[in-house]
Amino acid sequence: MSAMNWTQYFIPTSKEIPADAAVPSHQLMIRAGLIRQVGAGAYTYLPLGYRSLRKVEAIVRDEMNCAGALELLMPALHPIEWWEKTGRVEAMGDVLLRLHGSGDDWRTRTVLGPTHEEVITEIAKAYINSYKQLPVSLYQIQTKFRGEARPKSGVLRTREFLMKDAYSFHACKEGPGGLDETYQKMYDAYCMIFSRAGIPYIPVEADSGAIGGDASHEFMVPTDAGEDYLVQSEDGTYAANLERAEIHPLEDVGGEATKPLDEVHTPGMTTIDEVSTFLKCQPCGMIKTIIYEVEGEPLVALVRGDHEVNEAKLARAAGVTSVTAAEPDLIKKLTGAEVGFAGPVGLKARMIVDQAVTLMHDAVTGANKTDYHITGVNPGRDFEIKESADVRTAVEGDRAANGSPLVFKKCIEVGHVFKLGTKYSDSMEAKYLDNNGKPQSLIMGCYGIGLNRIMAAAIEAHHDENGITWPMAIAPFEVVICALDMRVDEVTSLSNKLHDEMTAAGIDVLLDDRDARPGFKFKDAELIGFPIRITVGKRGLADGIVEVLLRRSGEVHKITPNEVVAFVTKQIEEAMKNERT
RNA sequence: CGGGGCGUAGCUCAGUCUGGUAGAGCGCAGCGUUCGGGACGCUGAGGUCGCAGGUUCAAAUCCUGUCGCCCCGACCA
């Protein structure tokens, strides 16, 4: 049993708030001596921080094993050919990190893996030949590399991070052994993981994005440091990523066309703000005309001036995989005007009208003529509504499909599960023989968790003005013993004894044996956030007791030294149970 | 990639406008005092002022370029 003494450990705490850290988790992780930045989006986990990360890892591993997944380890170096096969060299662009060698050097043909669908699919292709081998789930906990354009918020968004990625292979979607079954098992395992880690998570419907696939959920942790938004219905029956959230159609509050079309001079006014201010109308009385390009053809989306086009919804409504904003040249050619004056009246292109626009009367929009807008525009009267759909992003005041009001929360994504289908097995020709001896594409699922994000999200969710208030399950140490005066033999000998007894009992305990004043030790203990602090000092010893302080609640228990192990063991057990989310 | 800010000691910063041989606090080392809420005194170590050019008798300071970091936006499997 090796002693865990502070003076032998490596804990560079700091009073100063690091200048580069903007969010609480980042500030606290640096101040508590958990991490140190190496470069943008790259961090060293110092011994204390790594202990915590390893505890997160252990929980993830445990739950994945319980879910029947098998651990393996894939390399970070991938042949670029595999990525070319799935079309993701282009799809991922600069996010895919490449090595640069001279000429046709192996480096030129190698990328650093940002995720492992290609590598795992190749394994499946090589070894899975028969439906009898299915289903199978494989996972790894491994470092990922991504060329993030803008790393930020400490370890919440980095270029290198620890991820658990799991992949499942199936012969069918439904029924025993099917994708749906494993997807649900993984979903449940994720809930267990985040619950055990003590972070407040919300599973939401998600967009599957460029990775492809047909169903997906994200696990979100509400925090101001996040970069996504989720929406929840007030009745609690619906939660989705804002990008994805479906909206109850707006009610038709009546009204009718009262004005004729009228062209107005709006020199140089190309934004909703400028035009609405100039014409003294509300943005919600304007029609925004956004022109996209799909396979060389223009696609026009109409939304209300105070709404934003949701490109994922638009693509779905248009029945295409993705839409891209049109180049200015195409816009000028189509509208016959400079960019900023497009409108639906007389526009000859496929047009998808947002549901909210269909209810508008006497609206203002671009005139397809430079420096002019038109007023008195009425959908249906002045332009035909051939296609109408929900193609906008939800805003405050919208309701969920069931009519319940939506509430918005800023959040960070800590996990994501996808039903991939055959996207990768098709492009990499990973087939098995079914029970008729016919080759079939493997049906796949993939499941990711950001371990560093769990750690940071836990701190975002659990801190106070004095420091971190770790969940017991992932605290670097469960207990710190503050030996208040190292010159007093009774204090040191009892502290050492308690340390040894607790260590023997399997408790993660650190003994603060520094020759420092009490306040100094207390501040450090609070900053680092040991869930339990045991204070051994002359004052208590005179009464034959030590103090046990619970970091979260601030509760103090005065107990005799021989009760400590049993008491602390019980506190840890209860915390592990009660802190579940 | 667009906009903004910043690079001076391990950390937080002053000094830059107005050029004149490098500063403070914290931390660190030594000695002494102190010891239940970030103590105090004395002594001390530590910086090619991000880097490269240029202007000048002289550059942390002015000019040009470049690299890096942070924030907002775009992007985000």
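In what follows, every chain begins at residue 1, and chains take the letters A, B, ... in the order their sequences are listed. Reckoned from all heavy atoms, side chains included, excluding hydrogens, waters and symmetry mates.
- Nucleic acid contact class of A:P12 (heavy atoms, under 4.0 Å, all strands): none.
- Of the P atoms belonging to B:A9 and B:G25, the separation is 16 Å, rounded to the nearest Å.
- Note: CD1 (A:I17) to C1' (B:G25) measures 15 Å, nearest angstrom.
- Of the nucleotides present, B:C63 is the one that pairs with B:G53 by Watson-Crick or G-U wobble criteria, both distances under 3.5 Å.
- Pairing for B:A39 is with B:U33, a Watson-Crick or G-U wobble pair whose two hydrogen-bonding atom distances lie under 3.5 Å.
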Under-3.5 Å N/O pairs linking protein and nucleotides 43-45 of chain B:
none

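- Protein atom NZ of A:K152 is 12 Å distant from nucleotide atom C1' of B:C70, rounded to whole Å.
- Each of B:C13, B:C69, B:C71 was ranked by its minimum atom distance to the side chain of A:A19; first place goes to B:C13.
- Comparing the P positions of B:A45 and B:G38 gives a spacing of 31 Å, expressed to the nearest Å.
- Of the C1' atoms belonging to B:C63 and B:A39, the separation is 50 Å, rounded to the nearest Å.
- With respect to A:H78, the side-chain hydrogen bond (donor to acceptor under 3.5 Å, both in side chains) criterion is satisfied by exactly one of A:E122, A:H116, A:R109: A:H116.
- Distance A:E148 CD to B:C75 P: 14 Å, rounded to the nearest Å.
- For B:U12 and B:G7, the C1' atoms lie 14 Å apart once the distance is rounded to whole Å.
- When both distances must be under 3.5 Å, the Watson-Crick or G-U wobble mate of B:C75 does not exist.
- Judged by distance alone, the side chain of A:K144 and the main-chain N or O of A:P114 form no donor-acceptor pair under 3.5 Å.
- Partners of A:D512 by side chain to side chain donor-acceptor pair (under 3.5 Å), not counting sequence neighbours, listed by chain and number: A:R514.
- A salt bridge is absent between A:E429 and A:K85; no separation between the charged side-chain nitrogens and carboxylate oxygens falls under 4.0 Å.
- Nucleotides B:U16 and B:C31 are separated by 40 Å at their C1' atoms, to the nearest Å.
- The ring-ring contact (aromatic ring centres under 6.0 Å, His included) test applied to A:Y229 returns no partner, not counting sequence neighbours.
- With both ends at atom P, the span from B:C49 to B:A59 equals 11 Å, rounded to whole Å.
- Partners of A:Y447 according to the ring-ring contact (aromatic ring centres under 6.0 Å, His included) rule, which considers only residues two or more places apart in sequence or in another chain, do not exist here.
- One can place CG of A:D228 at 13 Å from P of B:G73, the figure rounded to the nearest angstrom.
- For A:H217 and A:Y187, the gap between ring centers is short of 6.0 Å.
- Under 3.5 Å, the side chains of A:E293 and A:T324 contain no donor-acceptor pair of N or O atoms.
- Sorted by first then second residue, the ring-ring contact (aromatic ring centres under 6.0 Å, His included) pairs that include residues 541-561 of chain A, not counting sequence neighbours, are A:H557-A:F567.
- With a 3.5 Å ceiling on both atom-pair distances, the Watson-Crick or G-U wobble partner of B:C6 is B:G68.
- Atom-to-atom distance recorded for A:Y424:OH and A:Y167:OH is 9.5 Å, nearest 0.5 angstrom.
- Using a 4.0 Å heavy-atom criterion, one finds that A:A149 contacts the bases of the nucleic acid, with or without backbone contacts as well.
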What does nucleotides 34-40 of chain B look like as a protein-contact string, B for base, S for sugar-phosphate only, - for none, at under 4.0 angstrom between heavy atoms? BBBBBB-
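- B:A22 and B:G15: their C1' atoms are spaced 9 Å apart (whole Å).
- Separating the P atom of B:U21 from that of B:G73 is a span of 45 Å, rounded to the nearest Å.
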